[in-house]
Amino acid sequence: WDPLPQLISNENLGVKDNTPTSAVNVFGYKNRIAISNVKSETSVAVYSITGAKVKSFKTNQDIDFESQNGVWIVIIKAADGQKSVKIITH
């Protein structure tokens, strides 16, 4: 009897790491935020570091937009998955 495999297994914790991550790319450059590699309808939400929603929209194509200087959390939801990215604009 070997209890070690049961102790280090994630099955007992109920943790599942099966959320697919979107292939959409998000990056900041100067005072712009760019969304690229968009292959299907994609929902984009931009939040300030304090949690206030600053902007939200849907797009079917690559896009970039102007933003103020700061730290932003961009949440992407696409057909292939979702992701959240921290962006710094200056």
Side-chain angles (χ1 to χ4, degrees):
W1 181 72
D2 186 13
L4 193 57
Q6 294 173 352
L7 293 175
I8 60 173
S9 171
N10 279 342
E11 294 174 7
N12 295 336
L13 300 176
V15 177
K16 294 183 180 180
D17 295 330
N18 61 357
T19 303
T21 301
S22 176
V24 175
N25 298 319
V26 182
F27 56 92
Y29 178 72
K30 295 191 178 181
N31 66 338
R32 301 193 71 76
I33 296 175
I35 314 290
S36 64
N37 199 26
V38 177
K39 308 252 189 243
S40 62
E41 184 173 76
T42 301
S43 173
V44 179
V46 181
Y47 294 88
S48 69
I49 199 68
T50 61
K53 186 184 278 188
V54 175
K55 185 177 193 115
S56 66
F57 58 91
K58 291 185 179 186
T59 185
N60 289 323
Q61 60 189 5
D62 295 358
I63 190 170
D64 68 278
F65 54 92
E66 199 168 326
S67 70
Q68 297 178 353
N69 295 343
V71 179
W72 310 102
I73 306 296
V74 181
I75 298 177
I76 302 291
K77 293 182 182 175
D80 63 343
Q82 64 182 15
K83 70 164 68 169
S84 60
V85 180
K86 183 169 45 171
I87 300 293
I88 299 173
T89 56
H90 56 88

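- Residues T21 and K83 have side chains in contact (heavy-atom distance under 4.5 Å, counting atoms from C-beta outward).
- Residues F57 and V54 share a single hydrophobic cluster, defined by chaining ILVMFWY side chains whose heavy atoms lie under 4.5 Å apart.
- Every residue two or more places apart in sequence or in another chain that forms a side-chain hydrogen bond (donor to acceptor under 3.5 Å, both in side chains) with D80 is listed here: S22.
- With rounding to the nearest 0.5 Å, the separation of CG in N31 from OG in S67 is 6.5 Å.
- Both V26 and I63 belong to a single network of hydrophobic side chains, linked directly or stepwise wherever heavy atoms of I, L, V, M, F, W or Y lie under 4.5 Å apart.
- For the side-chain hydrogen bond (donor to acceptor under 3.5 Å, both in side chains) test, residues two or more places apart in sequence or in another chain that qualify with K39 are N37.
- Listed by chain and residue number, T50 satisfy the side-chain hydrogen bond (donor to acceptor under 3.5 Å, both in side chains) test with S48 (two or more places apart in sequence, or in another chain).
- Proximity of I35 to D62: side-chain heavy atoms (C-beta onward) are nowhere separated by under 4.5 Å.
- Under the 4.5 Å side-chain criterion, counting only non-hydrogen atoms from C-beta, V46 is in contact with F65.
- Enclosure of atom NZ in K77 is not indicated, since only 12 or fewer non-hydrogen atoms of other residues, nucleotides or ligands lie within 6.0 angstrom.
- Evaluation of the side-chain hydrogen bond (donor to acceptor under 3.5 Å, both in side chains) rule for D64 yields R32 as partners, not counting sequence neighbours.
- Residues satisfying the side chain to side chain contact (heavy atoms under 4.5 Å, CB included) criterion with K30, sequence neighbours excluded, are absent altogether.
- Taking OG of S36 as the reference point, atom CD of Q61 lies at 12.5 Å (rounded to 0.5 Å).
- Heavy-atom minimum distance, I33 versus W72: CD1-CD1, 4.1 Å.
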When you look at T42 and N60, which way does the side chain to side chain contact (heavy atoms under 4.5 Å, CB included) test go after all the steps?
CA-CA 6 Å; T42 301; N60 289 323; over 6 Å; no
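- In Y29, the OH atom is not crowded: 12 or fewer heavy atoms of neighbouring residues, nucleotides or ligands sit closer than 6.0 Å.
- Think of Y47 as one node in a network of Ile, Leu, Val, Met, Phe, Trp and Tyr side chains linked at under 4.5 Å; its network also takes in I49, V71, I73, I75, I88.
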